[in-house]
Amino acid sequence: MPPQLSDGLNYSAKIVRGSLDSLPQAVREFVESSAKLCRPDQVHICDGSEEENRQLLSHMEEEGVIKRLKKYDNCWLALTDPRDVARIESKTVIITREQRDTVPIPKNGLSQLGRWMSEEDFEKAFNIRFPGCMKGRTMYVIPFSMGPLGSPLSKIGIELTDSPYVVTSMRIMTRMGTSVLEALGDGEFVKCLHSVGCPLPLKNSGHHQPQGPEEVLRGCVSQRLWEDQPGHDEPYSPGMESRVCG
C-alpha cells in the first residue's frame, strides 16, 4: 500500500511519487497543511527527471489536454481559454495591511501602478476558492529555483499545484526538482499555491483550464504566492504577481 498523508480524521492522500521524509521540515509542513486544505486524492513530489516529464506529457496527451505537433521534436500545443490573458491587472493583487504600503493612493479612481487588497478581503477570497479545490486530483510538489542553484541572487520556491501542465512548464522555465531541495536544506523559500480551481468529476472543457477566467485571482502576500486558475502558467518569485485559486 502506498504511503499516505493523513489528518488523522477522515482525510488521507496517497503519496504516489517521492517521500515526505525526503522534504525539509518546513517544506513538509507546507505540503501537509496545504493538502489538508485542498484535499487532493494523491500527492506527487516532483524530481525534475526526464522520465517524470515524459510521463506527464504522455498523460496529458492521453487526456486531450495537449496535442503533439509532429513537425518538430518535443513540440506540444496546449489550448487556453480564449477569454484569458496573462497578468490582467484587475485579477492581480498585492496584499498588505495598509494600501499605501503597496501602491500610491490616487485622488480619483484606481491606481495605475498596481492593485491592492486588504488582508481581510483576501482571506475571504482565499476561503471561497481553496478549501477542497483539489478533490479528485493530484497535488504536485514542485521545488524550483529562479536562477542558478547556489547564486546569491537566486530565489528558491515550493509550488503546489494540481495542474501537470504547470509542472512541465516550470521544468522549462526554472531549475526544478530534487537538486533544488538539496540546495535549499533548511533555508527560506517562497510558498506558492496554485489550482485550476475545479474539483473532479469534471466534464471535458477542451483546454487545460477547466474553469473560466472570471474567478481568476493572483495574489502576493509577502513571501507567499497564491493563484486560482491558470491561464499562462509562469514561475512565481518575490516581486512577481502570482495566480491564486484554490
Side-chain angles (χ1 to χ4, degrees), residues 2-48 95 119 122-144 155-167 169-170 174 176-178 180-181 184 186-200 210-211 215-230 233-238 240-246:
Q4 295 190 332
L5 185 157
S6 174
D7 64 2
L9 299 174
N10 59 351
Y11 168 72
S12 63
K14 293 180 181 179
I15 310 298
V16 295
R17 190 180 184 101
S19 168
L20 290 175
D21 293 335
S22 69
L23 302 177
Q25 185 60 34
V27 175
R28 178 169 181 162
E29 291 173 357
F30 175 47
V31 172
E32 291 179 336
S33 63
S34 298
K36 291 171 185 176
L37 171 72
C38 300
R39 310 301 248 202
D41 284 8
Q42 302 179 137
V43 176
H44 174 130
I45 300 171
C46 299
D47 57 30
I95 299 92
E119 294 174 345
F122 181 73
E123 191 70 20
K124 293 176 184 176
F126 182 89
N127 289 332
I128 289 172
R129 289 167 171 78
F130 277 98
C133 65
M134 295 187 184
K135 286 181 180 178
R137 298 184 181 276
T138 298
M139 172 186 279
Y140 297 94
V141 181
I142 309 174
F144 69 93
K155 290 292 183 181
I156 288 179
I158 303 295
E159 180 170 6
L160 309 180
T161 180
D162 55 5
S163 169
Y165 173 84
V166 171
V167 180
S169 296
M170 291 292 282
T174 71
M176 187 271 273
T178 304
V180 177
L181 290 175
L184 173 62
D186 295 325
E188 295 183 349
F189 61 93
V190 181
K191 298 177 180 179
C192 308
L193 182 59
H194 165 271
S195 173
V196 297
C198 201
L200 293 176
Q211 181 174 267
E215 296 302 317
V216 171
L217 179 64
R218 303 168 177 90
C220 176
V221 188
S222 183
Q223 289 281 296
R224 296 176 296 165
L225 296 173
W226 312 120
E227 173 188 9
D228 183 25
Q229 172 59 26
D233 299 294
E234 304 179 30
Y236 315 136
S237 69
M240 294 177 65
E241 64 267 31
S242 151
R243 319 184 180 185
V244 176
C245 144

Any residue meeting side chain to side chain contact (heavy atoms under 4.5 Å, CB included) with Lys135, in chain and number order, not counting sequence neighbours: Arg39, Pro199
Considering all heavy atoms, the nearest Cys133-Asp162 contact: O-OD2, 3.9 Å
Leu160 and Phe30, any side-chain heavy atoms less than 4.5 Å apart: yes
For Ser33, side chain to side chain contact (heavy atoms under 4.5 Å, CB included) partners two or more places apart: none
Asp47: partners by side chain to side chain donor-acceptor pair (under 3.5 Å), with sequence neighbours left out: Arg17, Ser49
Set of side chain to side chain donor-acceptor pair (under 3.5 Å) partners for Glu123, sequence neighbours left out: none
Arg137 side chain near Val196 side chain, heavy-atom distance below 4.5 Å: yes
Taking every non-hydrogen atom, the tightest pair across Val31 and Val43: CG1-CG1, 4.4 Å
Side chains of Pro24 and Phe189 in contact at under 4.5 Å (non-hydrogen atoms): no
Residues which pass side chain to side chain contact (heavy atoms under 4.5 Å, CB included) with Asp21, listed by chain and number, not counting sequence neighbours: Ser19, Arg28
Taking every non-hydrogen atom, the tightest pair across Ile15 and Gly18: CG2-O, 3.4 Å
Heavy-atom side-chain proximity of Leu193 to Phe126 below 4.5 angstrom: yes
Shortest non-hydrogen separation from His44 to Thr138 and the atoms involved: CB-CG2, 3.8 Å
Listed partners of Glu119 passing side chain to side chain contact (heavy atoms under 4.5 Å, CB included), at least two apart: Ile95, Arg97
Identified side chain to side chain contact (heavy atoms under 4.5 Å, CB included) counterpart of Val27 within the set Leu20, Leu184, Ile45: Leu184
Where His194 and Ser163 come nearest, the two heavy atoms and their spacing: CE1-CB, 4.1 Å
Which atom of Cys46 lies closest to which atom of Pro143, heavy atoms considered: O-CD, 3.7 Å
Pairwise side-chain contact, Tyr140 with Val166, heavy-atom cut-off 4.5 Å (strictly under): no
Student check: side-chain heavy atoms of Leu181 and Ile158 closer than 4.5 Å: yes
